[in-house]
2 protein chains.
Amino acid sequence: MTRPPTSRDLARLAGVSQATVSRVLTNNPKVNPETRARVLQVLKDANYTPNALARAMKTGRTDTIGVFMTRVTSPFHAELLDEIGRVLSSMGLHMILWNIEHDPEETVAAVLQQRLVDGFVLTSATYDSKLHTMALASGTPTVLLHRGIDGLDCDQVVGDNWQGAYDAGRYLVDAGHTDIGLVTLRATGNTSRDRDAGFRAALADAGVKLKPSNVITVGVPHADGHAAAEKLLSRKKPPTAIYTITDLLAFGILDGARAIGAHVPDDVWVIGFDNTDMAAWESFDLTSVEQPVHAIVETGIDLLRDRIADPDRPTQIVTLPCPLAIRGSTANRPLSAAKD
Amino acid sequence: MTRPPTSRDLARLAGVSQATVSRVLTNNPKVNPETRARVLQVLKDANYTPNALARAMKTGRTDTIGVFMTRVTSPFHAELLDEIGRVLSSMGLHMILWNIEHDPEETVAAVLQQRLVDGFVLTSATYDSKLHTMALASGTPTVLLHRGIDGLDCDQVVGDNWQGAYDAGRYLVDAGHTDIGLVTLRATGNTSRDRDAGFRAALADAGVKLKPSNVITVGVPHADGHAAAEKLLSRKKPPTAIYTITDLLAFGILDGARAIGAHVPDDVWVIGFDNTDMAAWESFDLTSVEQPVHAIVETGIDLLRDRIADPDRPTQIVTLPCPLAIRGSTANRPLSAAKD
DNA sequence: GCGAGGGATGAATACGTATACACTTCCAGA
DNA sequence: TCTGGAAGTGTATACGTATTCATCCCTCGC
């Protein structure tokens with residue numbers, strides 16, 4: 001037959017009622033072992049799979065999680081997405097992926113209310129977006145991963161960006177750097193904000209002044225890091241170290257340095273943020289503050305499942321440490337050399 | 001009310017039947033303009049969104065496409081995924097993403113029959129996988145993007161990998177190279193096979209011998225390219241050019257070269273395949289055979305929609321050209337130098 | 001003035017499953 | 001012997017929407 005067989009078709013074949021077939025499918029204990037075996041055999045012979053839509057409509061559960069993300073081509077986001085996919089599938093959950101860069105706001109708004117997922121994962125919460133508000137208002141369980149919103153009554157799992165940035169700053173200061181560059185982003189979310197603020201705090205605490213001319217605010221692409229490095233390093237007296245708030249920008253900075261003949265780390269140290277896989281590549285060999293992607297995702301999905309199971313539980317905000325991964329872009333060297 | 005309002009609730013509010021509300025929602029012309037306006041107002045006031053599951057169950061269409069993919073963290077795959085997401089969302093379609101690396105075979109098999117998507121996009125078809133066979137057997141419209149299966153009666157859109165590889169080989173030969181390295185993958189799909197075979201054919205046609213010791217078969221990660229380059233370039237008489245079948249491996253090769261002090265392109269030329277965004281980065285500046293990602297995806301999704309609309313139309317196989325993007329990793333230089 | 005026909009709407013049903021409820025059988029306990 | 005209840009199964013219904021069919025009213029043409 002061209003139409004896929006339904007549980008009713010198979011019930012007839014097995015000589016039982018549709019209800020019994022359904023009970024077998026849901027592992028309902030109230031069914032005679034012999035009957036169960038017979039039905040299972042029929043199901044198997046017919047290569048039957050329950051219609052997920054009908055099941056979802058009846059139970060109200062779709063076993064699907066909606067993920068909102070941006071810039072999938074960015075190395076860190078790709079790793080984050082990969083990890084989310086891994087964890088969800090290990091739990092038997094499907095993933096619907098929405099790229100909020102591509103989807104117009106009204107589309108997203110409609111999607112939120114369609115009840116076609118059991119929960120939402122937001123990875124790119126920003127202060128100037130209403131997405132998280134709308135998601136919460138929809139009544140669908142929601143968790144914020146990677147980026148959080150302070151004070152929002154919503155489960156959140158984020159890295160301790162401020163501390164990670166502080167440690168990076170402290171590390172540079174301790175190595176003797178006093179003329180330090182900061183390539184930063186306009187703070188649209190807590191990540192960029194804290195990665196900026198924590199770093200500044202470390203320098204301030206150490207009494208190292210951050211020259212305004214050493215701070216460059218850019219956009220997200222690699223090319224912007226490239227341009228910033230050229231700008232900073234083509235000065236008469238360029239900074240001896242540059243910290244930036246994403247690995248992607250750091251790669252651009254390394255490239256920019258290469259382009260104008262500045263050597264890393266001899267002429268300038270470079271530190272990124274995210275510790276993506278690529279940071280370990282020979283081309284970059286980048287010191288970077290690590291995002292505990294695995295733990296963030298694992299913890300976040302757990303929180304989401306807990307909330308799906310019990311929507312009224314108190315919200316939980318988890319902050320995970322971001323340790324510094326040291327590599328060749330900041331090879332330690334004598335203090336005097338750094339100051340030179 | 002805590003439960004989302006249904007069309008029946010709103011029908012009562014508007015003083016019409018549920019059927020009329022439904023007619024308004026589906027833009028059925030057989031409804032009085034005044035009634036339509038009144039209903040629309042009520043819908044808007046209630047901020048109503050139709051239940052996607054119920055609608056899908058009734059119409060048999062979910063407006064969702066299932067995408068099967070691997071290695072999202074690989075630059076090319078990330079670009080492919082991004083493009084697929086862009087195109088689907090521009091058509092108002094949702095995307096369920098399955099990573100066939102993570103999902104066990106039986107999970108995938110079950111998914112294929114659940115009718116929860118209108119169509120499948122397979123981007124990683126391999127000869128030793130049954131995925132494409134199972135997808136076709138499920139009766140759900142399916143298209144193969146990027147990787148194809150020769151002779152399979154299924155819509156396919158692929159790059160002309162063979163020609164692209166041939167052109168790359170020809171380009172090296174024309175530049176005077178005679179001692180050429182090939183870093184290749186075990187041919188699990190048509191891409192790796194053709195990117196290998198086309199290159200070999202170009203050399204053979206030109207009478208340039210490919211030394212067996214110059215051919216290294218590796219795995220997909222960056223590190224494997226790195227290792228291969230070290231192996232090839234640490235010889236007494238290393239090849240003067242290396243071609244490989246993915247950009248990711250090429251990046252590894254560039255890194256490996258850097259690691260042992262070989263200079264690109266003075267000591268060795270390097271050519272990759274995919275022409276990812278990263279190939280243009282200063283660190284790599286990689287000559288690469290371009291995959292027309294945009295055209296592949298756009299064409300592929302069009303084919304898929306056509307097939308959804310008419311399942312019985314003849315299958316179509318589209319092959320798009322893969323031009324060579326030349327960059328600094330193969331800067332042209334005098335022939336004599338190349339031979340030296 | 002009357003029937004035909006079209007426009008607008010409501011009532012009823014179906015999609016495929018899960019589940020509350022009713023029913024039968026059979027056995028234990030009085 | 002009778003009864004209560006458990007085990008197993010079937011019947012009926014609901015999920016929320018789209019759609020067929022029937023109904024009603026109004027207009028138009030004769």
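FYI, side chains are in, hydrogens and waters are out, and symmetry mates aren't considered; it's all heavy atoms of this structure. Every chain is numbered from 1 and lettered A, B, ... according to where its sequence line falls, protein lines coming before strand lines.
At a threshold of 4.0 angstrom between heavy atoms, the contacts of A:Val21 with the nucleic acid are absent. Backbone-only contact: A:Thr26 has heavy atoms under 4.0 Å from sugar-phosphate atoms and none from a base.
Remark: A:Asp82 pairs with A:Arg86, B:Val72, B:Thr73, B:Asn99, B:His102 by the side chain to side chain contact (heavy atoms under 4.5 Å, CB included) rule, at least two apart or across chains. Shown here are the side chain to side chain contact (heavy atoms under 4.5 Å, CB included) partners of A:Arg38, two or more places apart in sequence or in another chain: A:Val16, A:Thr35. Applying the salt bridge (Lys or Arg N to Asp or Glu O under 4.0 Å) test to B:Asp45 and every residue at least two apart in sequence or in another chain returns nothing. With sequence neighbours excluded, the residues forming a side chain to side chain contact (heavy atoms under 4.5 Å, CB included) with A:Asn28 are A:Arg23, A:Thr26, A:Lys30, listed by chain and number.
Side-chain contact between B:Gln114 and A:Asn51 is absent, with no heavy atoms from C-beta onward closer than 4.5 Å. Between A:Ser17 and A:Thr20 the shortest side-chain heavy-atom distance falls below 4.5 Å. Using a 4.5 Å cut-off on side-chain heavy atoms (C-beta onward), A:Val21 and A:Arg8 make no contact.
Between B:Thr59 and D:dT17 there is no side-chain polar atom (N or O) within less than 4.0 angstrom of OP1 or OP2. Contact annotation: B:Ser7 reaches the phosphate of D:dT17 (side-chain N/O to OP1 or OP2, under 4.0 Å).
Screening residues 125-144 of chain A for ring-ring contact (aromatic ring centres under 6.0 Å, His included) gives no qualifying pairs among residues at least two apart or on separate chains. Sorted by first then second residue, the ring-ring contact (aromatic ring centres under 6.0 Å, His included) pairs that include residues 45-87 of chain B, not counting sequence neighbours, are B:Phe68-B:Trp98, B:Phe68-B:Phe120, B:Phe76-B:His146. Within the structure, salt bridge (charged side-chain N to carboxylate O under 4.0 Å, His left out) pairs that include any residue of residues 55-66 of chain B comprise B:Arg61-B:Asp63 (at least two apart or interchain). Pairs engaging residues 121-143 of chain A under the salt bridge (charged side-chain N to carboxylate O under 4.0 Å, His left out) rule: A:Glu105-A:Lys130 [sequence neighbours left out].
No donor-acceptor pair under 3.5 Å is formed between the side chain of B:Ser129 and the backbone N or O of B:Thr126.
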### Task
Check step by step if salt bridge (charged side-chain N to carboxylate O under 4.0 Å, His left out) holds for B:Arg307 and B:Asp302.
CA-CA 9 Å; B:Arg307 176 153 308 281; B:Asp302 277 349; over 6 Å; no
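End-to-end axis angle for the helix from C:dG1-D:dC30 to C:dA30-D:dT1, using five pairs per end and rounding to 10°, comes out at 60°.
The nearest heavy atom of DNA chain C to B:Lys58 and to B:Val31 marks one nucleotide each, and the one closer to the 5' end goes with B:Val31. In terms of position on DNA chain D, the residue among A:Arg23 and B:Leu25 whose nearest nucleotide sits closer to the 5' end is A:Arg23.
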Taking only nitrogen or oxygen atoms into account, show me every contact under 3.5 Å that the protein makes with nucleotides 4-7 of chain D, one pair per line with its distance.
residue, atom, partner, partner atom, Å
D:dA7, OP2, A:Lys30, NZ, 3.0

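With a heavy-atom cut-off of 4.0 Å to chain B, the contacted part of DNA chain C has its first and last nucleotide at C:dG7 to C:dG16.
Near DNA chain C, meaning a heavy atom under 4.0 Å from it, residues 46-57 of chain A has A:Tyr48, A:Pro50, A:Asn51, A:Ala54, A:Arg55 in order of number.
Between atom CD of residue B:Gln18 and atom CG of residue B:Asp9 there is a gap of 10.5 Å, rounded to the nearest 0.5 Å.
Rounding to whole angstrom units, CG of residue B:Asn27 and C1' of D:dT19 are separated by 15 Å. For the pair A:Gln18 CD and D:dT9 C1', the interatomic distance rounds to 13 Å; values are reported in whole Å. With rounding to whole Å, B:Arg61 atom CZ is found 17 Å from D:dT17 atom P.
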